[in-house]
Amino acid sequence: MFRFFAFLYGTANYAVFLLVFLYAIGFVSGVGVPKHVDNGVPTAWPAALAIDLVLLSLFAVQHSGMARPAFKRWFTRIVPAPLERSTFVLATNLVLVLLYWQWRPLPMVVWDAEAEAARWLLNGLAAVGWLLVLASTFLIDHFDLFGVRQSWRAALGRGPTPSAPFVTRALYRIVRHPIMLGFLIAFWATPTMTVGHLLFAGVTTGYILIAVKCLEERDLVAQFGETYRDYQRRVPMLLPWRRTARAGGKTSDANAPAALR
């Protein structure tokens, strides 16, 4: 019975994640979805600002808190270890759906690119950002990242997923966190920037910088030691502004956000 439940649980959470991720693209770009960053229930700006900050803070606390090794050790006393990652994905899905649903627009325009070429360029750059996010998950282990591999191994009666060695390849030779770089590009590259979109982009950027520098990299150093410290010295964190040394294989981005991670 547990094997069947594990398969169903992991598969269902991954399927919902795909829908939530696709909706995120529409939510940020304002295309193809009924509710996006620039529309919704009209609300006085102080209340709208407060609600949006609470929603973004809720995501930050859930996403970073549940990704920490100490939380995982505690959580797996309650939830079977093969389902821990899928449960993380489920919680992230729920928090993001709440954000999409309750987000309040702040429609005042900060900038608006009127030239058609500029609008195409910015929209194309945003598309590159989303593709970078998705491609980077496959350069590590996409199905492990979203809990599918763990739940399917449990369904097949196999043991825990073996820990992957730390190696680098492709985009991870250029920056240490290409998933996060992709999100930053997607969030900021917009032909029409409203105050609400600026709030979303600004807060998520601050969250990414703090979470990556102060939490994720600390965990990776604790896990891989001098190997990761050497990687930090050779490869920039987010912006490819210095030459990187060559290395073979792939990298582990163990705490990357799901939507985020």
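Source: prediction; values computed, not measured.
Nearest heavy-atom pair across S136 and L171 is OG-CD1, 3.6 Å. For the pair P34 and N39, the tightest heavy-atom approach, listed with the atom from each and the gap, is O-ND2, 3.0 Å. Of all heavy-atom pairs between L238 and L181, the closest is O-CD2, 3.4 Å. L125 and I185 get closest at one heavy-atom pair: O-CG2, 3.3 Å. Across W188 and L198, no two heavy atoms sit closer than the pair CZ3-CD1, 3.5 Å. In terms of heavy-atom proximity, T76 sits nearest to A81 at CG2-CA, 3.9 Å.
Each of V41 and L55 belongs to its own hydrophobic cluster when Ile, Leu, Val, Met, Phe, Trp and Tyr are linked at side-chain heavy-atom distances under 4.5 angstrom. Residues L209 and L220 share a hydrophobic cluster, clusters being chains of Ile/Leu/Val/Met/Phe/Trp/Tyr side chains in contact below 4.5 Å. In the hydrophobic cluster analysis, where Ile, Leu, Val, Met, Phe, Trp and Tyr join through side-chain heavy atoms closer than 4.5 angstrom, L134 is grouped together with V148. In the hydrophobic clustering of this structure, I51 groups with V97; members are Ile, Leu, Val, Met, Phe, Trp, Tyr whose side-chain heavy atoms approach within less than 4.5 Å, directly or through other members. In the hydrophobic cluster analysis, where Ile, Leu, Val, Met, Phe, Trp and Tyr join through side-chain heavy atoms closer than 4.5 angstrom, L98 is grouped together with L96.
With contacts defined as side-chain heavy-atom distances shorter than 4.5 Å, the pair L199/L49 qualifies. Taking 4.5 Å as the limit, every side-chain heavy atom of I174 sits out of range of all side-chain heavy atoms of V235. In this structure, the side chains of T192 and V110 stay at 4.5 Å or more apart for every pair of heavy atoms. Here the side chains of L56 and Y207 are not in contact, with every heavy-atom distance at 4.5 Å or above. Y231 is listed as a side-chain neighbour of Y172, based on a closest heavy-atom distance under 4.5 Å. At a threshold of 4.5 Å between non-hydrogen side-chain atoms, the residues W101 and K35 do not count as touching. For the pair M237/V175, no side-chain contact is recorded, criterion being any heavy-atom separation below 4.5 Å from C-beta on. Side-chain contact between T194 and L106 is absent, with no heavy-atom pair separated by less than 4.5 Å.
Without hydrogens or angle criteria, W111 side chain to T190 main chain gives a donor-acceptor distance under 3.5 Å. One N or O on the side chain of Q150 and one on the backbone of D144 form a donor-acceptor pair closer than 3.5 Å. Proximity of a side-chain donor or acceptor of D52 to a complementary backbone N or O of R104 within less than 3.5 Å is detected. Side-chain N or O atoms of R153 include none that pairs as donor or acceptor with a backbone N or O of P82 at under 3.5 Å. Proximity of a side-chain donor or acceptor of T204 to a complementary backbone N or O of A201 within less than 3.5 Å is detected. A distance-only check finds no donor-acceptor pair linking the side chain of D38 to the backbone of P105 [under 3.5 Å]. The backbone N or O of G225 lies less than 3.5 Å from no partner atom in the side chain of T227, so there is not a single donor-acceptor pair. Put simply, the side chain of H197 never gets that close to the backbone of S29: no donor and acceptor are under 3.5 Å apart. Distance alone, capped at 3.5 Å, places no donor-acceptor pair between the K72 side chain and the M66 backbone. Judged purely by atom type and a 3.5 angstrom limit, K213 has no side-chain atom pairing as donor or acceptor with the backbone of R218.
In this structure, T137 OG1 and I179 CD1 are separated by 6.0 Å, a value rounded to the nearest 0.5 Å. Taken from OG1 in T87 to CD1 in I78, the straight-line distance is 10.5 Å, to the nearest 0.5 Å. To the nearest 0.5 angstrom, N93 atom CG is 14.0 Å from Y23 atom OH. The NE2 atom of H63 lies 9.0 Å from the CZ atom of R68; values are rounded to the nearest 0.5 Å. Note that the CZ atom of R149 and the CZ atom of R158 stand 10.0 Å from one another [nearest 0.5 Å].
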Verify side-chain contact (heavy atoms from CB on, under 4.5 Å) between D219 and E216, making sure each step is shown before the conclusion.
-> CA-CA 5 Å; D219 292 344; E216 181 174 350; 5.7 Å; no
Decide side-chain contact (heavy atoms from CB on, under 4.5 Å) for L99 and F200; before the verdict, give the C-alpha distance in whole Å, the side-chain angles of both, and the deciding distance to 0.1 Å.
-> CA-CA 11 Å; L99 186 148; F200 181 89; 4.3 Å; yes
Begin from the C-alpha positions of V37 and V28 and carry the test side-chain contact (heavy atoms from CB on, under 4.5 Å) through to its verdict.
-> CA-CA 6 Å; V37 72; V28 174; 5.8 Å; no
Evaluation steps, side-chain contact (heavy atoms from CB on, under 4.5 Å), between L184 and T205 = CA-CA 7 Å; L184 293 178; T205 297; 3.4 Å; yes
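Applying the 6.0 Å contact sphere to CH2 of W120 captures no more than 12 heavy atoms from other residues, nucleotides or ligands.
With no hydrogens or angles considered, a side-chain donor-acceptor pair links Q62 and T92 at under 3.5 Å. Judged purely by distance below 3.5 Å, without hydrogens or angles, the side chains of S86 and Y14 never pair a donor atom with an acceptor atom.
Under the ring pair (Phe, Tyr, Trp, His ring centres under 6.0 Å) criterion, W74 pairs with F71, not counting sequence neighbours. For T11, the side chain to side chain donor-acceptor pair (under 3.5 Å) test picks out W152, with sequence neighbours left out.
Taking the six-membered ring where tryptophan is involved, the planes of F5 and F2 are tilted, since the angle between them lies from 30° to 60°. Classification of the Y100-F27 ring pair by plane angle, with boundaries at 30° and 60°, yields tilted.
Salt-bridge check for R229 with E217: failed, with every basic side-chain N at 4.0 Å or more from each acidic carboxylate O.
In summary, of the residues considered (F17, F21, F138, F88), a ring-ring contact (aromatic ring centres under 6.0 Å, His included) with F146 occurs for F17 alone.
For residues 108-118, the pairs satisfying salt bridge (charged side-chain N to carboxylate O under 4.0 Å, His left out) are D112-R119, with sequence neighbours left out.
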